[in-house]
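Notes follow the structure.
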Amino acid sequence: MRHFLTLADFSKEELLEMIALAQKIKAQTKQRKFVPYMEHQTLGMIFEKSSTRTRVSFETGIYQLGGIGLFLSSNDIQLGRGEPMKDTARVISRMVDMVMIRTFEHSKLEEFARYSKVPVINGLTDDYHPVQLMTDYLTMLEFGKENPVVAYVGDGNNMTHSWLMLAAIMGFELRVATPKGYECDPEIIARAERLAEENGGRLIFGNDPKEAAKGADVVTTDTWISMGQEEEKETKLKAFDGYIVDEAMMSLAKEDAIFLHCLPAYRGYEVSEEVFEKHSEVIFTEAENRLHAQKGIMVWLDQHR
Ligand code: CP
Ligand code: NVA
């Protein structure tokens, strides 16, 4: 049995198998052909943080695969009143067939997985957001960016960490520009660099967003204030001066460069209204692809137990 906790848990071949499944199931779904790959299975979906895309895509995804999703907000289950993660894992995983969790510390997800009898999927932690990056990879392929140079401009956060893993494993160039003091976690960088060495990825770090954007095929960013960091807002906004992805920044990238954003987007902060609307077709295809990419992941995990 395999868990989907970070991209680093898988080889390039395995991740490509999940992407191929996602592409196949997306094509079937577009023809309104709902193949019951996971008939009568239940996906438990534990949320300790807010969500629009993750909740809707997993719940709809498992339903379209012939199963059912259980939305379990920590406000409503005993986990939120202090029942230990390991007990929650031992109870829920005896009743459902797969679990998705969105939580704070990555170690809480790992603890759940350690005690779980069924595959566990990371729906976002403070450190990683791997299902989003599988989606972003699928989206890049759809828009013809097969071996891209990607510029990530913004906060060194869970999204950036998963971009590092994706670039390292898939073997493309990722340039990360973060303000001083908001760089990625050094341990995660070291792990990604080891993977990049094995797979031919190129990871470049700096504090100059314009330098990163120059000649890029894909420009991407994320909110400067992740969930749980609301109190840091005032200090962070000052540090991120000059990091908005606006027309001037996009004009440094290749002429046919695409802009990706995992959403939710905060216009006027990490991205300008103009750039957001100009690239909205890509951005909302990316959002829709959450549904398809995650079906590929769930079916792959189900086939490997
Ligand atoms: N991108 C993403 O994970 O969105 P939600 O927070 O709405 O799930
Ligand atoms: N970095 C953001 C991603 C939201 C999908 C957060 O953790 O809040």
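Whatever order the structure lists them in is the order used to number ligands and atoms, beginning at 1. We're numbering straight along the sequence, starting at 1.
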Query raised in the report: Which residues satisfy the side chain to side chain contact (heavy atoms under 4.5 Å, CB included) test with E105, sequence neighbours excluded?
Result: S107, K108
Report task. Using a 4.5 Å cut-off on heavy atoms from C-beta on, say whether the side chain of D9 contacts that of H3. Result -> no
**Report entry** Matching residue for W300 among Y37, F4, F10 - test: ring-ring contact (aromatic ring centres under 6.0 Å, His included)
**Finding:** F10
Query raised in the report: What residue and atom, counting heavy atoms only, is the protein's closest point to atom 3 (C) of ligand 2, and at what distance?
Result: D222 OD2, 3.7 Å
**Report entry** Under 3.5 Å: N/O of H129 near N/O of ligand 2
**Finding:** no
Query raised in the report: Numbering the atoms of ligand 2 from 1, which are under 4.0 Å from a heavy atom of N158?
Result: 1 (N), 2 (C), 6 (C), 7 (O)
Query - Partners meeting side chain to side chain contact (heavy atoms under 4.5 Å, CB included) with E288 (sequence neighbours left out) - result: K26, K30, H292
**Report entry** Pick from N157, D155, L124, T125: the one approaching atom 4 (C) of ligand 2 most closely through a non-hydrogen atom
**Finding:** L124
**Report entry** Note, L15 side chain near M134 side chain (heavy atom, < 4.5 Å)
**Finding:** yes
Query raised in the report: Taking H106 for the side chain and D127 for the main chain, is one N or O donor matched with an acceptor at less than 3.5 Å?
Result: no
Query raised in the report: Any non-hydrogen atom of L263 lying under 4.0 Å from ligand 2?
Result: yes
Query raised in the report: Is T223 close to ligand 2, meaning an N/O of one under 3.5 Å from an N/O of the other?
Result: no
Query raised in the report: Quick one: hydrophobic cluster around F284, which other residues, with the 4.5 Å side-chain cut-off, linked directly or via members?
Result: V153, Y182, V219, W224, I225, L237, F240, Y243, V245, M249, M250, F259, L263, Y266, Y269, V271, V275, F276, I283
Query raised in the report: Is R102 close to ligand 2, meaning an N/O of one under 3.5 Å from an N/O of the other?
Result: no
**Report entry** From CA spacing to verdict: side-chain contact (heavy atoms from CB on, under 4.5 Å), I46, T103
**Finding:** CA-CA 8 Å; I46 302 174; T103 186; over 6 Å; no
Report summary line: Output for ligand 1, non-hydrogen cut-off under 4.0 Å, lists S51, T52, R53, T54, R102, H129, Q132, C262, L263, R290
Query raised in the report: So, do Y115 and E111 sit near enough that their side-chain heavy atoms are less than 4.5 Å apart?
Result: yes
**Report entry** ligand 2 N/O within reach of M227 N/O, cut-off under 3.5 Å
**Finding:** yes
Query raised in the report: Under a 4.5 Å cut-off applied to non-hydrogen side-chain atoms, are F47 and R55 in contact?
Result: yes
